[in-house]
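Throughout, a chain's letter reflects where its sequence line sits, starting with A, and its residues are numbered from 1. As a basis for the values below, the full set of heavy atoms in this structure was taken, side chains included, without hydrogen atoms, waters or symmetry mates.
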There are 2 protein chains.
Amino acid sequence: MLFAIVEKGGLTEGAALLGKSQPSLSRSLAILEDRVGAALFEPDRRPLRPTELGQALAAEGRKVFLAGKASADILSRYQGGMTGAVRVGGTPFFLDGVISGMIAAFHFKHPDVRIDQIYGYANDLLPRLEDGSLDLAILPMRASSIPQGFSFEQILPGRNVIACRAGHPLARRSAVKLTDIGQYPWIAPPADSPLYQDLRNVLKEIGIKDFKVSFTGGSLSATVSILTGSDALTVLPFSVVFMMRQQRAVSALSIRIGDPDRHLGVLRHDGLKLSPAANRVRNHIRSEFETLATSITRVSQSTVWRP
Amino acid sequence: MLFAIVEKGGLTEGAALLGKSQPSLSRSLAILEDRVGAALFEPDRRPLRPTELGQALAAEGRKVFLAGKASADILSRYQGGMTGAVRVGGTPFFLDGVISGMIAAFHFKHPDVRIDQIYGYANDLLPRLEDGSLDLAILPMRASSIPQGFSFEQILPGRNVIACRAGHPLARRSAVKLTDIGQYPWIAPPADSPLYQDLRNVLKEIGIKDFKVSFTGGSLSATVSILTGSDALTVLPFSVVFMMRQQRAVSALSIRIGDPDRHLGVLRHDGLKLSPAANRVRNHIRSEFETLATSITRVSQSTVWRP
DNA sequence: CGAGTTTCATAACGCAGCGTTATAAAGACC
DNA sequence: GGTCTTTATAACGCTGCGTTATGAAACTCG
């Protein structure tokens, strides 16, 4: 208050700076002078001029004022979602294959938002959402298996493909028959992943009972490395393959397999309100997936890239 | 408050730092978190640890805290009289001859107290005391002429001597007769000074009607210069001559002249309460004059220095 | 793992600081 | 001296924050 008066040279303008009324400042000043026991401004001088003591205290007040301003700034940046830490959980393949790119784009726009990625499956992520050590989880889930107290926003319908390396013998065929597939070895996703379930379902659906697993349990990049270095096949989410289309390292077989009953979405806990930054991340990811969806349909209609 | 909690690592100790109760802090924190709309501390963790946001705000709070502490320091220094500005008025001869030395000693003890000396006589100093542009005035006054609303503390009884240079023909005589004096020229103090009145009274008392004035209107140092460079005489306050005894440039004649009815004292205005620093100056001057008085009696009794 | 200790949260209550508007008074300006 | 600007005062109400008493967690330790 003292700073505002000294800075603006008067009560009226000082009050305006502080967003208060002039009488309020006047009385506050009087009370302060009374408490201090000394005049803070030269008495009876109209261009109000501070005493030495007033000046010295106003200098300290300046620091307080600036700190308050800085605090307001910190706060507004936080509340605008420009600042903060967001813990995003997700299944490894989606996180590595799709989400991390989106997060990179987000981080480019908002460099002061720190984002922690946590890898895990539903049974890991759910408790962490519950105890608040995770803000969002992005994972494929069955609509029916959403536990009480959680909300799930679907962002992409589940769709898997059989993936192979770009130059794979089956890659060029416009239609792949089931019998063609049998002879190739398989790369299995980690056994506790939903994708592994999908793989088993696909193989069961196709009718393959015995299949060679040449590699298992790795990360997405490991899987892709094996994939591109061999003629092995695997099941991958369509979106993951789609995102890798630029590298032209991986293709999807032209064979329709049953869609999984899990759909990719953002899971969060109702009890915990999201921080503004987390909300921004969530909105960002949703909009990114929207554009991804339109991009998928657009590309699918063209002949340039064929899943 | 936030800073205190973060600094001390908990509410209990933080409250102690701020001199408040723990529940007070607890609720203040809760209100703040509610207003901010975000947790400032990790929830349900016993060694209370701030959120990033809490940390950032606490850093600003630290500045506020320090500024508050600095303000308290400024204030206590001011209220202890260690800081401030004191305007001391006085008659030129006393100020130059006696007071300035005391002020120098004071300034040595309290270098942060700024002291402004203002030269003037009663008619200048009184209005300035009244309008607050002066804190104290040190001047010789008649007890009866203290105006309403002023208080006057006598610090030294008025006593004048006839002064001459140290080697003056009259200086060695143990008793000076009136007839001896007549032949020497006189140095007159400024015509508007009380000392000038004293001089006139002395001369009238002595019976000298015509007297040569060889110099007039100067400051004390000018007067002393003339005095030491000639055989001229003048009337000076005894205390001024006493203070100059170390230099052995000026002597006082061994002749008793009537004491002036003015007495040296500290004049101040009742309406204006003194600042702590001004009070310290006042007390300092009073105590200095007390020691001066005892010093005068001690020296007078010895034979080393004879007025 | 349960008892004990520490620490934080909540409740109930009261005071005072500070916000407001309306209005008077005092300087400044011409 | 009249007018305008600026500060001081008054009356009123509400919110913030202080207190003590007490309950509920969470950490510690044998």
Side-chain angles (χ1 to χ4, degrees), chain A residues 1-51 54-55 57-58 61 64-65 68 71-72 75 127 130-133 271-273, chain B residues 1-51 53-55 57-58 61 64-65 68 71-72 75 127 130-133 271-272:
Chain A
M1 179 206 74
L2 189 55
F3 164 72
I5 300 174
V6 171
E7 177 76 3
K8 292 295 185 180
L11 291 184
T12 309
E13 278 192 274
L17 173 62
L18 298 177
K20 307 190 185 309
S21 67
Q22 171 268 318
S24 177
L25 259 197
S26 173
R27 198 182 37 175
S28 295
L29 176 61
I31 289 172
L32 180 60
E33 284 187 324
D34 191 60
R35 175 151 67 184
V36 167
L40 264 22
F41 290 89
E42 311 280 357
D44 303 337
R45 311 252 328 189
R46 206 30 69 126
L48 223 51
R49 222 183 42 199
T51 303
Q55 188 83 45
L57 290 177
V64 175
F65 182 83
S71 296
L75 228 53
E130 200 151 26
D131 73 9
S133 68
L272 215 80
K273 63 179 173 307
Chain B
M1 180 207 72
L2 188 54
F3 162 73
I5 300 173
V6 171
E7 176 78 2
K8 291 296 185 178
L11 292 185
T12 308
E13 279 192 272
L17 174 61
L18 298 177
K20 306 189 187 311
S21 68
Q22 171 269 318
S24 178
L25 259 195
S26 174
R27 197 184 36 179
S28 295
L29 176 61
I31 290 173
L32 180 60
E33 283 186 325
D34 190 61
R35 174 152 66 182
V36 167
L40 264 22
F41 289 88
E42 311 281 359
D44 302 338
R45 311 256 324 194
R46 204 33 66 119
L48 223 51
R49 222 183 42 199
T51 304
L53 181 61
Q55 189 83 48
L57 290 178
V64 175
F65 182 83
S71 297
L75 228 53
E130 199 151 26
D131 73 10
S133 68
L272 214 80

**Prompt:** With Arg27(B), which residues qualify under side chain to side chain contact (heavy atoms under 4.5 Å, CB included), at least two apart?
**Reply:** Ile31(B)
**Asked** Do you know which two heavy atoms are closest between Leu2(A) and Gly54(A), and how far apart they sit?
**Response** CD2-O, 3.7 Å
**Gap between atoms CD1 and P, on Ile31(A) and dA8(D) respectively (whole Å)** = 13 Å
**Request:** Whole angstrom is fine here: how far is it from CZ in Arg35(B) over to P in dT15(D)?
**Result:** 13 Å
**Complete:** side-chain hydrogen bond (donor to acceptor under 3.5 Å, both in side chains) filter on Ser133(A), not counting sequence neighbours, yields Arg128(A), Asp131(A)
**Request:** Find the distance Leu18(A):CG to dT20(C):P and express it as a whole number of Å.
**Result:** 11 Å
Any protein N or O atoms within reach of nucleotides 24-30 of chain C? Criterion: under 3.5 Å, listing atom names and distances.
from, atom 1, to, atom 2, distance (Å)
dA28(C), OP1, Arg46(A), N, 3.3

**Asked** How far apart are the closest heavy atoms of Ala4(B) and Leu17(B), and which atoms are they?
**Response** CB-CD2, 3.8 Å
**Whole-Å gap separating P (dT7(C)) and NZ (Lys8(B))** = 13 Å
Produce the list of close N/O pairs, under 3.5 Å, pairing protein atoms with atoms of nucleotides 9-14 of chain C; give distances to one decimal.
from, atom 1, to, atom 2, distance (Å)
dA9(C), OP2, Ser26(B), OG, 3.0
dA9(C), N7, Gln22(B), NE2, 3.1
dA9(C), N6, Gln22(B), OE1, 3.3

**Fill in**
Scanning both residues in full, the closest heavy-atom pair of Gly14(A) with Leu25(A) reads C-CD1, 3.6 Å
**Request:** Whole angstrom is fine here: how far is it from CZ in Arg49(B) over to C1' in dC8(C)?
**Result:** 17 Å
**Fill in**
Hits for side chain to side chain contact (heavy atoms under 4.5 Å, CB included) against Thr12(A), two or more places apart or cross-chain, chain-then-number order -> Gln22(A)
**Request:** Taking only the side-chain nitrogens and oxygens of Ser21(B), find out if one of them lies under 4.0 Å from OP1 or OP2 of dT19(D).
**Result:** yes
**Prompt:** When you match Leu25(A) and Thr12(B) each to their closest nucleotide on DNA chain C, which lands nearer the 5' end?
**Reply:** Thr12(B)
**Prompt:** With sequence neighbours left out, what residues match Glu13(A) under side chain to side chain contact (heavy atoms under 4.5 Å, CB included)?
**Reply:** Lys8(A)
**Prompt:** Hey, are the side chains of Phe65(B) and Leu18(B) touching, using non-hydrogen atoms and a 4.5 Å cut-off?
**Reply:** yes
**Prompt:** Taking atom P of dC18(C) as reference, at what distance in whole Å does atom CG of Leu32(A) sit?
**Reply:** 9 Å
**Request:** State whether Ser28(B) places a side-chain N or O below 4.0 Å from either non-bridging phosphate oxygen (OP1 or OP2) of dG16(D).
**Result:** no
**Prompt:** Taking CD1 from Ile5(B) and P from dT7(C), how many angstroms apart are they, rounded to a whole number?
**Reply:** 14 Å
**Message:** Please enumerate all residues that pass ring pair (Phe, Tyr, Trp, His ring centres under 6.0 Å) together with Phe41(A), with sequence neighbours excluded.
**Reply:** none
**Asked** How far apart are the closest heavy atoms of Pro50(B) and Gln55(B), and which atoms are they?
**Response** CG-OE1, 3.2 Å
**End-to-end axis angle, where each axis spans five pairs of the helix from dC1(C)-dG30(D) to dC30(C)-dG1(D), to 10°** = 60°
**Asked** Residues in side chain to side chain contact (heavy atoms under 4.5 Å, CB included) with Ala39(A), at least two apart?
**Response** Glu33(A), Thr51(A)
**Fill in**
When rounded to whole Å, the CG to C1' distance for the pair Leu40(A) and dT7(D) reads 16 Å
